Amino acid sequence: MGGSGSGAGSFFMVLLRNFDVLAGPVISLVYPLYASVRAIESKSPLDDQQWLTYWVLYSLITLFELTFAKILEWIPIWPYAKLILTCWLVLPYFTGAAYVYEHYVRPFLANPQTINIWYVPRKKDVFSKPDDIITAAEKYIQENGTEAFENLIHRADKSKWGGSHHTMYDETY
């Protein structure tokens, strides 16, 4: 009788069907917890930064899931998409958490002087029409100089096109 062969096959199918349920916690919690403890014990700040970044991103993913749980129930590939995203963030081969930090979080935090193009300062007189963007730029140039304005535009262009050549581990950013 082939009962043992079909039993192993059905066990394998159960594992395959529930791969995301089984692998998810290992990849998103067990390994990062282990790596975080090792990072705490090491003297290097580089791994601390990697794992702190991961935990921030993991928290954001969890908040996203809690907020949109009813919608995500209807998306059958969500558990697999989350597993792939988590693998990308966690696995040292990909260093996704470092990539997200370097390209999205760090430029946002390291460049506090940004221009909000939707903000147009108002004139003192409430009944007059608001300044346009050209007037706002002229005021900025008057207050800070032409060179400061050109530097601001240059920085905005660099961040827009990904021209930042800083790495996650540069200390002099």
Side-chain angles (χ1 to χ4, degrees), residues 27-29 31-33 35-36 38-40 42-72 74-75 77-78 80-173:
I27 293 171
S28 65
L29 293 171
Y31 176 71
L33 282 170
S36 297
R38 287 190 53 158
I40 291 169
S42 78
K43 301 243 184 273
S44 171
L46 303 178
D47 51 2
D48 297 348
Q49 194 172 38
Q50 158 67 23
W51 292 111
L52 281 171
T53 303
Y54 169 76
W55 288 113
V56 168
L57 296 174
Y58 178 80
S59 299
L60 290 173
I61 292 169
T62 303
L63 288 172
F64 174 81
E65 279 188 309
L66 292 172
T67 304
F68 298 105
K70 294 293 182 190
I71 296 169
L72 293 173
W74 291 94
I75 303 173
I77 63 164
W78 170 247
Y80 300 102
K82 179 185 173 189
L83 183 62
I84 290 169
L85 175 66
T86 304
C87 285
W88 181 71
L89 291 173
V90 168
L91 295 177
Y93 180 79
F94 301 110
T95 61
Y99 178 86
V100 170
Y101 177 81
E102 184 177 332
H103 290 90
Y104 298 101
V105 177
R106 188 174 191 182
F108 179 75
L109 296 176
N111 187 10
Q113 185 180 8
T114 58
I115 294 179
N116 183 351
I117 63 169
W118 302 110
Y119 171 72
V120 179
R122 293 191 161 263
K123 291 184 178 177
K124 300 285 188 216
D125 183 9
V126 178
F127 297 108
S128 62
K129 67 183 220 185
D131 292 339
D132 60 3
I133 194 69
I134 301 295
T135 308
E138 288 171 348
K139 283 184 181 178
Y140 184 87
I141 291 170
Q142 267 184 335
E143 292 174 5
N144 301 296
T146 307
E147 188 176 325
F149 185 71
E150 288 173 355
N151 288 338
L152 192 60
I153 291 172
H154 180 68
R155 280 200 320 257
D157 282 345
K158 280 176 70 173
S159 66
K160 178 180 176 185
W161 298 107
S164 177
H165 299 294
H166 297 286
T167 64
M168 177 177 168
Y169 309 112
D170 286 345
E171 294 296 330
T172 59
Y173 188 77

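The structure displayed is predicted, hence computed values, not measured ones.
- Under the 4.5 Å side-chain criterion, counting only non-hydrogen atoms from C-beta, Thr95 is not in contact with Tyr54.
- Residues Leu29 and Tyr58 are in side-chain contact: their nearest non-hydrogen atoms beyond the backbone lie under 4.5 Å apart.
- Using a 4.5 Å heavy-atom cutoff, the side chains of Glu65 and Leu72 are in contact.
- With rounding to the nearest 0.5 Å, the separation of CD1 in Ile71 from CH2 in Trp78 is 12.0 Å.
- Pairing each heavy atom of Val90 with each of Trp51, the nearest pair is O-CH2, 3.7 Å.
- When all heavy atoms of Ser28 and Thr86 are compared, the pair lying nearest together is CB-CG2, 3.4 Å.
- The side-chain heavy atoms of Trp88 and Tyr99, taken from C-beta on, include a pair separated by under 4.5 Å.
- By the 4.5 Å heavy-atom criterion applied to side chains, Leu85 and Leu89 are counted as neighbours.
- A side-chain contact (heavy atoms from CB on, under 4.5 Å) with Lys82 is found for exactly one of Ile77, Ile61, Ile27, namely Ile61.
- Atom CG of Asn144 is separated from atom CD of Glu150 by 13.0 Å, given to the nearest 0.5 angstrom.
- Between Val100 and Thr53, the closest side-chain pair of non-hydrogen atoms is not below 4.5 Å.
- The minimum heavy-atom distance linking Gln50 with Ala98 is given by the pair OE1-N, 3.4 Å.
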